[in-house]
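One structure is given below, encoded as C-alpha cells.
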Amino acid sequence: MDSMTDTETRPLIKMIKVNKFFGPFQALKNIDLEVYKGEKIVICGPSGSGKSTLIRCINRLEEHNDGNIIIDGIELTDKVEDIDAVRREVGMVFQSFNLFPHMTIAKNLMIAQQLVRKTPKAKAREIAMLYLERVKIPEQADKYPIQLSGGQQQRVAIARALCMRPEIILFDEPTSALDPEMINEVLDVMIDLARDGMTMVCVTHEMGFARSVADRVIFMDAGEIVEQAEPAEFFDNPENERTKVFLNQILSH
Amino acid sequence: MEVLTGWWDDYFWGAVIVAKVFIASLSLMILFGLIGAGAKLSNSRVAQKIAGAYTVIFRGTPEILVILLLYFGSAILLTSIAQIFNPEIKFVDVPPFWAGTIAISIIVGSYATETFRGAFLGVNPGSIEAARALGMSTLQTFIYIRIPEMWRIALPPFGNHMLSLIKDTALISIIGLNETLFVAKQAITVTGKPFTMYIVVGAIYLGFSSVITLAVMAIEKFGNRTTIDAK
Amino acid sequence: MSFDLSLILESLPLMLAGIGITLKLLLVSGFLGLILAVALLLMRISGKFYLDWPAQAYIYVFRGTPILVQIFIIYYGLPQFEAVRDSIFWHILREPTGCAIVALTLNTGAYVSEILRGGVLGVDRGLLEAGSALGMSARHKFVYITTPIATRLSLPAYSNDVISLLKSTALASTITIADMTGIARTIVADTYAPYEIFISLAIVYMIFTLGLQKLFGVIERYLGRYTRRDG
Ligand SMILES: Nc1ncnc2c1ncn2[C@@H]1O[C@H](COP(=O)(O)OP(=O)(O)O)[C@@H](O)[C@H]1O
Ligand SMILES: [Mg+2]
C-alpha cells in the first residue's frame with residue numbers, strides 16, 4: 001500500500017530552517033532535523049542552548065517564527081485542528097512531572113483518554129492500569145501524586161503519555177529533578193520503551209543512556225545544532241570544538 | 001449639571017472632612033495595629049490573649065455596630081461620669097468625628113495587627129544573621145534590615161487597609177458626621193435628585209481611592225527600586 | 001450607668017427574629033455575587049479587550065466606592081428615573097430588600113472576581129502545558145485543571161469575603177430593613193441601652209463568623225486533601 005511505504009520513507013518529524021525568537025532574542029537558529037519512525041534521538045547541550053525550545057516547538061507548546069515543522073505529514077500552522085492532530089500523535093514528559101495534583105494517579109491517566117479520545121471510563125481505566133503495570137506501579141493507582149516519590153511520579157507521567165498511544169514521545173530532561181537514587185528507575189522505563197520501537201526525542205545529560213539507546217546524539221549550543229552523530233562517533237570522536245568542551249565538562253563529573 | 005449648582009462647595013467641605021477623618025484614622029490605625037502586633041509577638045500570655053480577642057472581635061462584628069456602639073455608648077459613659085461631678089448635666093454630646101474616627105481605626109487596626117505581625121515574622125532570619133555577622137549593631141540591623149524588609153512585605157496589604165479606611169468614612173454619616181454622604185442627603189431634600197447627588201459622592205470616593213492606589217503603587221515602585229539597588 | 005441583663009434577655013429574641021432577613025441577604029447575594037464574579041472573571045481572562053476592559057472598569061468602580069453609597073444610589077437614586085420605575089426590575093427595586101440584595105451582589109461580585117482571578121493566575125503553568133501536550137482543548141483545561149485548582153487556591157480569601165459580606169448585610173438597616181441590626185437600632189432608640197443591645201448583637205454576629213470560618217475550614221481541608229502526603 002502506498003501509505004505504508006509512505007510512513008517508512010517519510011520522516012515522522014521534519015523541521016526545515018526553523019527559527020524561533022523570544023522578543024529580540026533568537027532561541028533557535030535555522031534548525032534542520034529529521035526523525036524517522038523508531039529512531040531514538042538524544043539532544044544535549046549547555047543550559048539555555050534551546051533544547052527545550054526545540055522540542056516544545058514539535059508539539060506547539062512554542063510557536064516557531066519561520067521555517068516549517070511537519071509532523072507525520074501534518075504541517076504545524078495556526079490551524080487548531082492540525083495542532084490537535086499533532087498533539088494526539090506526540091506525547092511529552094516534563095522535567096517537573098506536571099502530574100495533575102488534584103487527580104488520583106489513575107485519573108491522571110484516564111482524563112485525556114476520556115476527553116480527547118472519548119474512551120469510555122471503564123476502558124480508559126483498563127488502559128491506565130495496563131500502562132501502570134508497565135511502569136511497575138499499579139498498586140499506586142488510587143493515590144494522589146504528592147504521595148509518590150519523584151521517580152514514581154515521573155514513571156506515572158510516562159504512563160500518562162503512553163495512554164494516548166502516541167507515535168512519538170518527547171522527553172525534556174526527565175531525570176534532572178530527581179534524587180540520584182531514583183534516576184535509574186525512570187531510565188529503565190525509557191530503555192524499555194526504546195526496545196519496543198517507540199520513536200523518542202530525549203533532552204538529557206544521561207550519557208550512559210545516550211550511548212546505549214540513542215541512534216543519534218545531537219549537540220546544541222546557542223540555538224544551533226552544532227553536531228549530530230551516532231553515539232560511538234559522537235562520544236569518541238567529536239568534531240566540533242564546542243562539543244569537545246561540553247563533553248569534557250559533563251564527563252569529568 | 002445644573003442641579004448641582006450651589007452644592008459644589010458643600011461637597012468640597014464634605015470631602016475635606018473625609019480627608020481629615022482619613023488622616024486621623026490612619027495614624028490611629030497604625031498605632032492600634034502596632035500595639036496589637038506587639039502584643040501578639042510579646043512573651044506575655046495575657047497580652048497575646050487580649051490581642052487575639054481584639055482581632056477576633058473586630059473582624060467578626062459589622063462596622064456599623066462598632067460605630068453606633070462607640071457613639072451612643074461613649075455619650076452615655078461620659079454623661080454618667082460627668083454626672084458624678086455635676087448632677088445637673090443631662091447629656092454630654094460626643095462629636096461624631098471622633099467617635100467615628102476612633103471606631104474605624106479600631107476596626108481596621110485589627111486587620112493591620114495581622115499585617116504587621118506577618119511582616120515582622122516574614123523577615124528572612126538569614127538576612128538578620130548576615131547583618132549581625134557583618135558587624136552591624138542590633139539597632140543598625142533593625143533600622144537598615146528589618147524595617148525596610150517589613151515595609152516591603154506589609155505595603156500591599158497596608159494599601160488595602162487604607163482603602164478600607166477611606167471607604168469606611170462613609171459609614172460615619174450614619175451618626176451625623178457632615179461628610180459627603182451627609183451633604184448629599186441635604187441636597188436631595190432640596191433638589192429631589194437623589195441619583196445625581198449620590199453619584200457625586202461615589203465619584204468623590206472613587207477619586208480618593210484612586211489617589212491612594214496610585215500612591216501605594218508609586219511607593220511600591222520606589223521601594224522595589226531601592227531593594228534592587230541594594231542587591 | 002449599669003449593665004441590664006434582663007434587657008438583653010428580653011431583646012435577644014426580638015433581634016434574632018431578624019436572623020431570617022440577615023441570612024437571606026447573605027445567602028442570596030452571596031450566591032448571585034458568585035455567579036457575577038465568575039462572569040466577570042471569564043470576561044477578564046477572555047483575552048478580548050471589549051470584554052476585559054468593561055469588566056476591569058466595573059471592578060474598579062465597585063471596589064473604589066463605599067458599599068453604603070452603592071446601596072443609597074440603588075435604593076434612593078434609581079427611582080429618580082421614570083425608565084427604572086416603568087421597567088421590569090421595578091418590583092425588585094421598589095423593595096428595600098431587593099435593593100439591598102442587588103447592591104450587595106454587585107459589590108461582592110467585584111471583590112470575589114478579583115479573588116478568583118488570583119486563584120486562576122496561581123495555577124502552575126506546567127499543568128496547563130501538560131494538558132496541551134495531552135491534546136486537551138482550552139475549554140477542557142479550564143474545566144478540569146484550572147477550575148479545581150483555582151478554587152482551592154482562592155478559598156481562604158473567598159471565605160474572608162463571605163465574612164465581609166455578612167458584616168455588610170448590617171448596612172441594610174440604613175434603608176429601613178429590619179434585619180438583626182435594624183431591629184437592634186429600633187430597640188436602642190426606644191430603650192437607650194446601646195451597650196446591652198449592640199454588644200449582645202455583636203456576639204451573635206461573631207458566632208456567625210466563627211461558624212462560617214469553621215465551615216470554610218472543613219471545605220478547605222476537603223479541597224486540600226491532595227496537598228498532604230498522608231492523604
Ligand atoms: N518564554 C520565554 N521567554 C523568553 N525567553 C525564553 C523563554 N523560554 C526560553 N527562553 C530563552 O531561550 C533560551 C533557550 O531556552 P531553553 O530552550 O529553555 O534552553 P535549554 O532547555 O537548552 O536550557 C534561553 O536563553 C532562555 O532564557
Ligand atoms: Mg530546558
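Numbers restart at 1 for each chain; the letters A, B, ... are given by sequence-line order, proteins then strands.
What you find for B:L69 and C:P194 is that their closest heavy atoms are CD1-O, 3.6 Å. Contact record, C:K167 with B:P62: O-CB, 3.6 Å, taken as the closest heavy-atom pair.
Contacts of C:L201 with chain B are made by both backbone and side-chain atoms, with heavy-atom separations under 4.5 Å. In this structure, no portion of C:S164 lies under 4.5 Å from any heavy atom of chain B. Contact of C:I163 with chain B is made through the side chain alone, with heavy-atom distances under 4.5 Å. With a 4.5 angstrom heavy-atom cutoff, B:S210 touches chain C via backbone and side-chain atoms both. For chain B, the nearby parts of C:V61 are the backbone and the side chain; heavy atoms of each come within less than 4.5 Å.
A donor-acceptor pair is defined here as one N or O able to donate and one able to accept, closer than 3.5 Å; no such pair exists between the side chain of B:K193 and the backbone of C:G77. Side-chain atoms of C:Y195 come within 3.5 Å of backbone N or O of B:G73 as a donor-acceptor pair.
Using cut-offs of 30° and 60° on the angle between ring planes, the pair B:F72 and C:Y192 is perpendicular. Note on ring orientation: taking the six-membered ring where Trp is involved, the planes of B:F195 and C:F81 are perpendicular (angle over 60°, cut-offs 30° and 60°).
Counting heavy atoms from C-beta outward, B:V66 and C:F198 have side chains that stay 4.5 Å or more apart. You'll find the side chain of B:I64 reaches within 4.5 Å of the side chain of C:T174, heavy atoms only. Using a 4.5 Å heavy-atom threshold, the side chains of B:K167 and C:T65 count as separate. Contact annotation: the side chain of B:V56 never approaches that of C:T209 to less than 4.5 Å [non-hydrogen atoms, C-beta and beyond].
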